[in-house]
Amino acid sequence: MLVDALGHGPKAAEAAALAVEAAEQFTATFSVERALGQLHQRLHGSRGAAAALLRFEGSKVSFAGVGNVELRTLAGPAIPYMATNGVLGARMPRPRVGEVALEEPGRVLLFTDGIARGTPIQSMIALAPELLCERLIADHSLERDDATVLHVSYS
Ligand SMILES: [Mn+2]
């Protein structure tokens with residue numbers, strides 16, 4: 001899961017903390033849809049947040065998200081992530097949930113809208129995961145926002 005609370009400062013920190021609290025209550029049986037529902041409920045009355053969730057189970061992954069968090073497949077089966085417009089905590093239309101069979105190992109990158117649009121990520125995939133994340137934050141993050149990058153390797 002990657003969550004980006006709206007805005008910045010104490011109100012955004014509060015929303016992010018609520019999202020973490022909600023996530024601590026997730027169990028292995030939760031679908032991504034249910035997890036998003038839980039986040040939405042917990043964030044009610046807060047600044048709100050965007051989030052993307054991946055759920056790995058056996059040889060498949062399901063995924064869904066609300067708001068401006070991006071997902072790119074770096075290796076392995078393409079994960080056709082499409083965020084649903086909305087704000088967790090305020091308005092959440094029924095999220096589009098996708099599912100893909102994983103027949104080979106892969107790598108996925110999630111990042112918030114604090115990373116510049118049009119960043120040439122495909123040209124950076126040869127970098128080791130830690131370095132890739134460092135480069136994105138150091139060279140491609142926006143001055144006016146914070147940024148989070150999450151790299152997932154699965155096998
Ligand atoms: Mn942001």
Side-chain angles (χ1 to χ4, degrees), residues 1-26 30-56 61-76 78-100 106-125 127-154:
M1 176 178 95
L2 180 54
V3 171
D4 186 18
L6 266 57
H8 60 274
K11 293 280 180 197
E14 193 181 291
L18 288 173
V20 171
E21 279 178 34
E24 283 168 356
Q25 306 298 317
F26 293 174
F30 274 35
S31 63
V32 285
E33 215 165 358
R34 183 168 173 198
L36 283 169
Q38 199 109 323
L39 285 168
H40 180 54
Q41 221 171 8
R42 194 78 182 82
L43 285 162
H44 184 75
S46 77
R47 181 66 72 80
L53 276 85
L54 294 169
R55 179 176 190 269
F56 292 87
V61 62
S62 49
F63 47 91
V66 173
N68 280 341
V69 173
E70 302 275 337
L71 183 152
R72 296 278 191 286
T73 305
L74 303 184
I79 297 179
Y81 175 81
M82 270 257 277
T84 300
N85 286 328
V87 176
L88 291 172
R91 62 191 171 82
M92 184 179 75
R94 192 178 177 78
R96 277 186 289 266
V97 179
E99 193 176 287
V100 164
R107 298 168 58 201
V108 181
L109 194 72
L110 297 147
F111 51 95
T112 67
D113 60 359
I115 298 296
R117 274 175 190 278
T119 297
I121 290 168
Q122 291 304 324
S123 71
M124 300 166 73
I125 60 175
L127 297 174
E130 293 79 3
L131 194 57
L132 172 58
C133 293
E134 274 174 33
R135 287 279 122 237
L136 283 171
I137 296 285
D139 301 341
H140 299 283
S141 60
L142 304 175
E143 297 259 325
R144 58 175 165 77
D145 202 355
D146 49 16
T148 305
V149 178
L150 179 64
H151 181 281
V152 180
S153 296
Y154 61 86

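Source: prediction; values computed, not measured. All ligand and atom numbering here is 1-based and tracks the order in the structure. This chain uses plain numbering: 1 for the first residue, then up along the sequence.
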Identify which one of Ile137, Leu150, Ile121 satisfies the side-chain contact (heavy atoms from CB on, under 4.5 Å) criterion when paired with Phe111.
->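 When Ile137, Leu150, Ile121 are each tested with Phe111, the side-chain contact (heavy atoms from CB on, under 4.5 Å) holds only for Ile121.
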Candidates Val152, Leu109, Leu54 - the one meeting side-chain contact (heavy atoms from CB on, under 4.5 Å) with Leu71 =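 Per the side-chain contact (heavy atoms from CB on, under 4.5 Å) rule, the option paired with Leu71 is Leu54, out of Val152, Leu109, Leu54.
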Going by distance alone, is a donor N or O of one side chain under 3.5 Å from an acceptor N or O of the other, for Arg107 and His151?
->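 Yes, His151 and Arg107 have a side-chain donor paired with an acceptor closer than 3.5 Å.
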Can you tell me how far CG of Asp4 sits from CG of Asn68, rounded to the nearest 0.5 angstrom?
->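 Rounded to the nearest 0.5 Å, the CG-CG separation comes to 8.0 Å.
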Can you tell me how far the CG atom of Leu18 sits from the CZ atom of Arg47, to the nearest 0.5 Å?
->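 If I round to the nearest 0.5 Å, the distance is 12.5 Å.
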So which protein N/O/S atoms does the Mn ion (ligand 1) have within less than 2.8 Å?
->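 Those protein N, O or S atoms (cut-off: under 2.8 Å from the Mn ion (ligand 1)) are Asp4 OD2, Asp113 OD1, Asp145 OD2.
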With sequence neighbours excluded, what pairs up with Arg94 under the salt bridge (Lys or Arg N to Asp or Glu O under 4.0 Å) test?
->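 Arg94 satisfies salt bridge (Lys or Arg N to Asp or Glu O under 4.0 Å) with Glu33 only.
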